[in-house]
Amino acid sequence: MKFGVIVFPGSNCDHDCYYVIKNVLKQEVEFIWFREERLEDFDAIILPGGFSYGDYLRPGAIASYSPIVKSLRRFSENGGLILGICNGFQILIEAGLLPGALLRNRSLKFICKKVYIRVENSKTPFTNLITHGRVLSLPIAHAHGCYYADSKTIEKLESEGLVVFRYCGSNGEITEESNPNGSWNNIAGIISRNGNVLGMMPHPERAAEDIMGSCDGILIFESMVNHHGKHKQKNTR
């Protein structure tokens, strides 16, 4: 499986993602400069965390107009897997590939700490190796991570199983105290209706080895590889 990691001016988690895919996951991976327009050679694209364009205007706003975003839309329409992490999630929303908005944390402060998230949908390309309801320990690092959408969009996300991750306590209980940024319904990650674009605020690439304090994040990347393998096998029959 071949991954691409997009590099925007201001990306700072691109090398983290590259390292995990190449050295932990043992998969092929390349950096993709934001001016590139060809993605046909890749099976999955990762939009990493960071501060693209310095977060001017709004986080992800300027990056959403980068040349590569048009290619991302085509890549998505053709069924390619796209994972947006933190600033990558913000870019996907600004580009219209995912609904809603990511607002300033309710504390109005940058938050960097370990959180727990519960897997709400285990039947996605990104969670197929994770049991439903499992609690993952992952870090967050953001100032604009409060997920918001109008009530109609929230209802659709919930009813159609498009909420993939939800902030929770260590025991999986959904509480106000376990919500680090004020996200509506404790939402930490959502997926597109066709199931191939995932946006999440926590950083799975920072929890991919035991030395990092948690290796729960690698399950998301392994699920992508597993999905690709099954999809490829099905198409070769």
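On a predicted model such as this, the values are computed, not experimentally measured, just so you know. No hydrogens, no waters, no symmetry mates; every other heavy atom, side chains included, goes into these values.
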> What's the shortest heavy-atom distance between K114 and S137, and which atoms?
Replying inline: CD-OG, 2.9 Å
>> Tell me which pairs pass ring pair (Phe, Tyr, Trp, His ring centres under 6.0 Å) where either residue lies in residues 171-215, with sequence neighbours left out.
In response: Y148-W184
> Can you list the residues that meet the salt bridge (Lys or Arg N to Asp or Glu O under 4.0 Å) rule with R106, with sequence neighbours excluded?
Replying inline: E176
> Just how far is it from atom CE of M224 to atom CG of L83, taken to the nearest 0.5 Å?
Replying inline: 5.5 Å
> Crowded around F31 CZ? As in, over 12 foreign heavy atoms under 6.0 Å?
Replying inline: yes
>> According to a hydrophobic-cluster definition based on side-chain heavy atoms being under 4.5 Å apart (Ile, Leu, Val, Met, Phe, Trp, Tyr only), do Y116 and V164 belong together?
In response: no
> For the side chain of S223 and the backbone of L219, is there at least one donor-acceptor N/O pair under 3.5 Å apart?
Replying inline: yes
> Do I68 and L39 come close enough that some side-chain heavy atom pair is under 4.5 Å?
Replying inline: yes
>> Test your reading of the model: is there a side-chain donor-acceptor pair from E120 to the backbone of V163, 3.5 Å cut-off?
In response: no
> Between the main-chain N or O of H144 and the side-chain N or O of Q90, is there a donor-acceptor pair closer than 3.5 Å?
Replying inline: yes
> Between S183 and N181, does a side chain to side chain donor-acceptor pair (under 3.5 Å) hold up when you go through it step by step?
Replying inline: CA-CA 6 Å; S183 288; N181 50 37; 2.7 Å; yes
> Can you check whether L81's main-chain N or O pairs, donor with acceptor, with D43's side chain at less than 3.5 Å?
Replying inline: no
>> side chain to side chain contact (heavy atoms under 4.5 Å, CB included) for L72 and I6? Distances and angles first, verdict last.
In response: CA-CA 10 Å; L72 270 178; I6 298 179; 4.0 Å; yes
> When clusters are formed by joining ILVMFWY residues with side-chain heavy atoms under 4.5 Å apart, either directly or through shared neighbours, do L47 and F34 land in the same one?
Replying inline: yes
>> Measuring from atom CG of N121 to atom CZ of F126, what distance do you get when rounded to the nearest 0.5 angstrom?
In response: 11.5 Å
> Does the side chain of R73 come under 3.5 Å of the side chain of S76 through a donor N or O and an acceptor N or O?
Replying inline: no
>> I'd like to check P48 versus I85 (side-chain heavy atoms, cut-off strictly below 4.5 Å). Are they in contact?
In response: no
> If you link I, L, V, M, F, W and Y whenever their side-chain heavy atoms are under 4.5 Å apart, who else ends up in the same group as M212?
Replying inline: I211
> Of the non-hydrogen atoms in A149 and G100, which two are nearest, and what is the gap between them?
Replying inline: CB-CA, 4.0 Å
>> Donor-acceptor check, side chain of N87 to backbone of P59, threshold 3.5 angstrom: yes or no?
In response: no
>> Are L92 and L103 connected into the same hydrophobic cluster when the rule is that any two of I, L, V, M, F, W, Y join if their side-chain heavy atoms are below 4.5 Å apart?
In response: yes
>> Please check this pair: side chain of N78 against backbone of R74, looking for a donor-acceptor N/O pair closer than 3.5 Å.
In response: yes
>> How close do Y65 and A61 get, counting heavy atoms only, and between which atoms?
In response: CD1-O, 3.3 Å
> Got a second to check how far I174's CD1 is from Y167's OH, nearest 0.5 Å?
Replying inline: 11.5 Å
> Looking only at heavy atoms, which two atoms of Y53 and S66 are closest? And how far apart?
Replying inline: OH-OG, 3.5 Å
>> Could you see if I130 belongs to whatever hydrophobic cluster contains I187? Use Ile, Leu, Val, Met, Phe, Trp, Tyr and a side-chain cutoff under 4.5 Å.
In response: yes
> Does any donor atom in the side chain of S192 or N194 lie under 3.5 Å from an acceptor atom in the other side chain?
Replying inline: yes
> Just how far is it from atom CD1 of I191 to atom CG of N196, taken to the nearest 0.5 Å?
Replying inline: 7.5 Å
> Are Y18 and E205 side-chain neighbours, meaning at least one heavy-atom pair lies under 4.5 Å?
Replying inline: no
> Which atoms form the tightest heavy-atom contact between C13 and G50, and what is the distance?
Replying inline: SG-N, 4.4 Å
>> With a 4.5 Å cut-off on side-chain heavy-atom distances among I, L, V, M, F, W and Y, is there a chain of contacts connecting L138 to V24?
In response: yes
> By salt bridge (Lys or Arg N to Asp or Glu O under 4.0 Å), which residues pair with R38, not counting sequence neighbours?
Replying inline: E40
> Atom CZ in F75, atom CZ in F42: separation rounded to 0.5 Å?
Replying inline: 8.5 Å
>> Using 0.5 Å steps for rounding, measure from the OG1 atom of T127 to the NE2 atom of H132.
In response: 10.0 Å
>> side chain to side chain contact (heavy atoms under 4.5 Å, CB included) for V119 and T131? Distances and angles first, verdict last.
In response: CA-CA 8 Å; V119 178; T131 56; over 6 Å; no
> Is any side-chain heavy atom of L102 less than 4.5 Å from a side-chain heavy atom of H142?
Replying inline: no
> So V135 and N171, side chain to side chain contact (heavy atoms under 4.5 Å, CB included) or not? Walk me through it.
Replying inline: CA-CA 7 Å; V135 176; N171 59 357; over 6 Å; no
>> Do N226 and K230 have side chains that approach each other closer than 4.5 Å (heavy atoms only, starting at C-beta)?
In response: yes
>> Between E37 and K70, does any NZ, NE, NH1 or NH2 come within less than 4.0 Å of an OD or OE carboxylate oxygen?
In response: no
> Who passes salt bridge (Lys or Arg N to Asp or Glu O under 4.0 Å) against D216, sequence neighbours left out?
Replying inline: R134
> Do other residues, nucleotides or ligands put more than 12 heavy atoms under 6.0 Å from the OH atom of Y56?
Replying inline: no
>> Donor-acceptor check, side chain of D150 to backbone of K152, threshold 3.5 angstrom: yes or no?
In response: yes
> What heavy-atom pair brings C146 and R104 nearest, and what distance separates the two atoms?
Replying inline: CB-O, 3.6 Å
>> When you compare the side chain of F165 with that of L136, does any pair of heavy atoms fall below 4.5 Å?
In response: yes
> With sequence neighbours left out, what residues match E160 under salt bridge (Lys or Arg N to Asp or Glu O under 4.0 Å)?
Replying inline: R193
> Does V225 reach the side chain of F3, with side-chain heavy atoms less than 4.5 Å apart?
Replying inline: yes
> Is there a side-chain contact between T124 and L198, using heavy atoms and a 4.5 Å cut-off?
Replying inline: no
